[in-house]
Amino acid sequence: MQTRVGSAGSLEEGKEHVVTTRASQSKTLPLRVLQLFGLFLALCIAFSVISIYTIRRFGIFSVVSTVKSNFVPCDEEPNSLDRWIKPPSNLLHTMSDKELFWRASFVPRIKKYPFDRVPKIAFMFLSKGPLPLSPLWERFLKGHEGFYSVYIHSLPSFNAEFPPSSVFYKRQIPSQVSEWGKMSMCDAERRLLANALLDISNEWFILLSESCIPLYNFSVIYHYIKKSKYSFIGAFDDPGPYGRGRYNENMAPEVNVTQWRKGSQWFEINRKLAVNIVEDITYYPKFEEFCRPACYVDEHYFPTMLTIEASNLLANRSITWVDWSRGGAHPATFGRQDITEEFFKRIFEGHTCRYNDQPSSVCYLFARKFAPSALEPLLEIAPKVLGF
């Protein structure tokens, strides 16, 4: 009996030992978890410190910024529509004439524009150097921004000094020497047309000299040209020695004597005809080789070519008034003493022409030649006589 009791006591002691051991293990387990978590937290802190030090030490930020600078937003992608509809920000490009004419000859096949296009007039000044009548033109163009563009072809050695506020500021195009009566003169005119064609909004192109003035305000001239079904370039058949007498038989078969035309150098043409002139490689070689003084190519090349290619688009008259009554190879030049109201009455009155196939008394929109001395009286008389 005693043995059993002892055995029973031993069992009870064994049970108490097992319970005590399990209790000790339960207390030890949470302590280890806390230790592991503390170690993990310490490693995270250490890693963070090392990362920050590495970034500051080895310039990771500069790499990130470099990568970011290569990103191009969608609205600045070079293939966006703006590339084609925005005019060149700098007219002084490095293209050769061959490259320029090729680029300017691009024509969209779809006639409806995918943007709100406001058609503009390109005023193209063919000058040796300064534009002494520029203050008059500044006044004429003031307030009509977005409806016109200005281009200047002068001698390459001439540097214009217009203020930034001027409509002529930085409007010179890359130019070459041009001589009156020679093909280099037509090259200069084609160069002006090609540069103006780079602006998709230019619809009408007017060739002017430094001695030209407008005869009406901008609105009158803009609507006169806009509403016209025809372009204004003289192209008539002169059977005399200064017309057909200048024709060279070597120009056939591209140009026959019956197609030979003569006209004023100063013109207004639409975009289609401007492209025709710039892209021409058929008639240009013939005129370059076989129309030399006393054949004055600037009087024959464009009138003849456009008569052959698009006679139905020509009004067959110029809108630039000149006075040949004094005789000689050049028209009369007018100075300070000539600028009177009576003088302009002679320009405005007594003329008849056809406008959109109907009789009209408004035949001229511009006039030449005016000397620099005429500027001051022109500015004085312009509000009353010219309307600006």
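Here the structure is a predicted model, which is why all the values come from computation and not from measurement. What's counted below: heavy atoms across the whole structure, side chains too, no hydrogens, waters or symmetry copies.
Using modelled atom types, one side-chain atom of N316 and one backbone atom of A235 make a donor-acceptor pair closer than 3.5 Å. At distances below 3.5 Å, not a single donor-acceptor pair connects side-chain atoms of D280 with backbone N or O atoms of N276. Judged by distance alone, with hydrogens and angles left aside, the side-chain atoms of E299 form no donor-acceptor pair with the main-chain N or O of K262 at under 3.5 Å. Under a 3.5 Å cut-off, the side chain of H300 and the backbone N or O of R261 do form a donor-acceptor pair.
Comment: R246 does not engage D238 in a salt bridge, judged by the lack of any side-chain N to carboxylate O separation of less than 4.0 angstrom.
Between V362 and V220, the closest side-chain pair of non-hydrogen atoms is not below 4.5 Å. Between F388 and P214, some side-chain heavy-atom pair lies under the 4.5 Å cut-off. At a threshold of 4.5 Å between non-hydrogen side-chain atoms, the residues P130 and E210 do not count as touching.
Aromatic pair Y222/Y148: ring centres not closer than 6.0 Å. Taking the ring centroids of Y216 and F348, they lie under the 6.0 Å cut-off.
Enclosure of atom OH in Y113 by more than 12 non-hydrogen atoms of other residues, nucleotides or ligands within 6.0 angstrom is indicated. Other residues, nucleotides and ligands place no more than 12 heavy atoms under 6.0 Å from the CZ atom of F147. When the shell of 6.0 Å around NZ of K182 is examined, it contains 12 or fewer heavy atoms from other residues, nucleotides or ligands.
The nearest pair of heavy atoms linking N217 to F140 is C-CE1, 3.5 Å. Smallest separation of non-hydrogen atoms from T340 and Q337: CG2-O, 4.2 Å. Here the closest heavy-atom approach between residue F343 and residue D338 is recorded as CB-O, 3.2 Å.
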Problem set entry | Worked check of side chain to side chain donor-acceptor pair (under 3.5 Å) between N256 and T258 | CA-CA 5 Å; N256 295 314; T258 56; 5.1 Å; no
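Looking at R271, R117, K120 one by one, the single match for salt bridge (Lys or Arg N to Asp or Glu O under 4.0 Å) with D199 turns out to be K120. Checking each of W137, F125, F123 against F168 for a ring-ring contact (aromatic ring centres under 6.0 Å, His included) leaves exactly one that passes, namely F125.
When only modelled atom types and interatomic distance are considered, Y230 and D357 share a side-chain donor-acceptor pair under 3.5 Å. In summary, the side chains of S184 and Q176 do not present any donor paired with an acceptor at a separation below 3.5 Å, with no hydrogens or angles considered.
In the hydrophobic cluster analysis, where Ile, Leu, Val, Met, Phe, Trp and Tyr join through side-chain heavy atoms closer than 4.5 angstrom, I206 is grouped apart from W266.
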